[in-house]
Amino acid sequence: MTRYKRQDPEITRRKFINVAMGTTAAVGGVSLLSTLGAANPIFRLTRDKMPPLKGDILVHAEASKEGQPIRISDLSDQLVRAWPMGKGENGENVIRKGDPNNILALYRFPQGQIVAPTNLEATIGGETVAYSDVCTHAGCSVADSDQGDGMKCPCHSGQYDPKRGCVVIGGPPPRPLAQLPIKLEGDNLVVTGFFLAMPYPYTSEAEWESFKKEVEDQLA
Ligand code: FES
């Protein structure tokens with residue numbers, strides 16, 4: 001059983017900053033991040049810890065082929081795990097696995113099987129879809145159900161339906177797995193933006209929005 005939790009001290013600091021930023025904005029609009037970032041660059045996210053970003057390509061996460069670009073023909077109704085891979089500071093390829101919560105679940109279902117609330121415009125041809133693979137309950141990695149009825153979390157039996165936006169169909173998860181918007185570019189599966197909803201471990205929209213802005217500001 002793999003349990004993906006944020007334990008990286010840099011990420012823990014990032015969460016603190018996000019919360020602190022929200023508090024700071026509420027009381028006076030002073031950018032704590034700017035202040036801390038200027039004083040101590042360790043508060044900046046490294047590229048391998050950034051979330052999936054527009055332009056990233058999806059690569060295999062399985063050890064035997066880690067880093068190889070995923071092709072549509074690799075996908076089926078069985079879960080394939082992926083990492084986003086983007087560019088580093090010097091233009092080199094960087095797999096964003098420094099944050100284990102960036103692990104993704106990919107599926108390709110026959111036409112017509114993926115329905116709302118999946119955002120079909122964020123799929124490839126209504127057939128290929130990407131989600132966060134991190135359970136929204138406590139951060140475990142979700143797998144295919146051995147009953148053939150969607151996805152099941154090994155930690156507390158949370159269940160999700162990947163054909164319907166990964167809505168929760170059983171167990172304790174509080175919300176669906178977040179969908180990641182993708183498109184096909186040549187042979188590559190390419191990310192077209194941030195997760196469409198708040199992924200684990202975020203617990204408030206304000207915190208998630210603050211984090212996205214932090215990333216955009218850092219990339220600007
Ligand atoms: S961590 Fe997935 S159901 Fe608890």
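Read the numbers this way: they start at 1 and go in the same order the structure lists the ligands and their atoms.
- Both the backbone and the side chain of Ala138 come within contact range of ligand 1, each with a heavy atom under 4.0 Å.
- At a cut-off of 2.8 Å, Cys140 does not coordinate atom 2 (Fe) of ligand 1 through any N, O or S atom.
- Distance alone, capped at 3.5 Å, places no donor-acceptor pair between the Asp161 side chain and the Val167 backbone.
- Atom CD of Glu92 sits in a crowded spot, with more than 12 heavy atoms from other residues, nucleotides or ligands closer than 6.0 Å.
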Report task. Before giving the answer on disulfide (SG to SG under 2.5 Å), spell out for Cys140 and Cys155 the whole-Å C-alpha distance, their side-chain angles and the decisive distance to 0.1 Å. Result -> CA-CA 6 Å; Cys140 294; Cys155 290; 1.9 Å; yes
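- Near Cys153, the atoms of ligand 1 lying under 4.0 angstrom from a non-hydrogen atom of the residue are 1 (S), 2 (Fe), 3 (S).
- With ligand atoms numbered from 1 in the order given, ligand 1 contributes 3 (S) to contacts under 4.0 Å with heavy atoms of Gly158.
- The minimum heavy-atom distance linking Phe194 with Pro52 is given by the pair CD2-O, 4.0 Å.
- Side-chain contact between Pro181 and Leu196: present, with at least one pair of heavy atoms (C-beta onward) separated by less than 4.5 Å.
- When distances from atom 4 (Fe) of ligand 1 to the N, O or S atoms of His156 are compared, ND1 comes out shortest.
- Among the atoms of His137, an N, O or S atom falls under 2.8 Å from atom 4 (Fe) of ligand 1.
- Heavy-atom separations between Pro172 and ligand 1 include at least one value shorter than 4.0 Å.
- For atom 2 (Fe) of ligand 1, the set of nearby N, O or S atoms under 2.8 Å includes none belonging to Cys155.
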Report task. Could you check Arg47 against Glu89 for salt bridge (charged side-chain N to carboxylate O under 4.0 Å, His left out), going step by step and ending with a plain yes or no? Result -> CA-CA 8 Å; Arg47 298 291 174 109; Glu89 304 272 352; 3.7 Å; yes
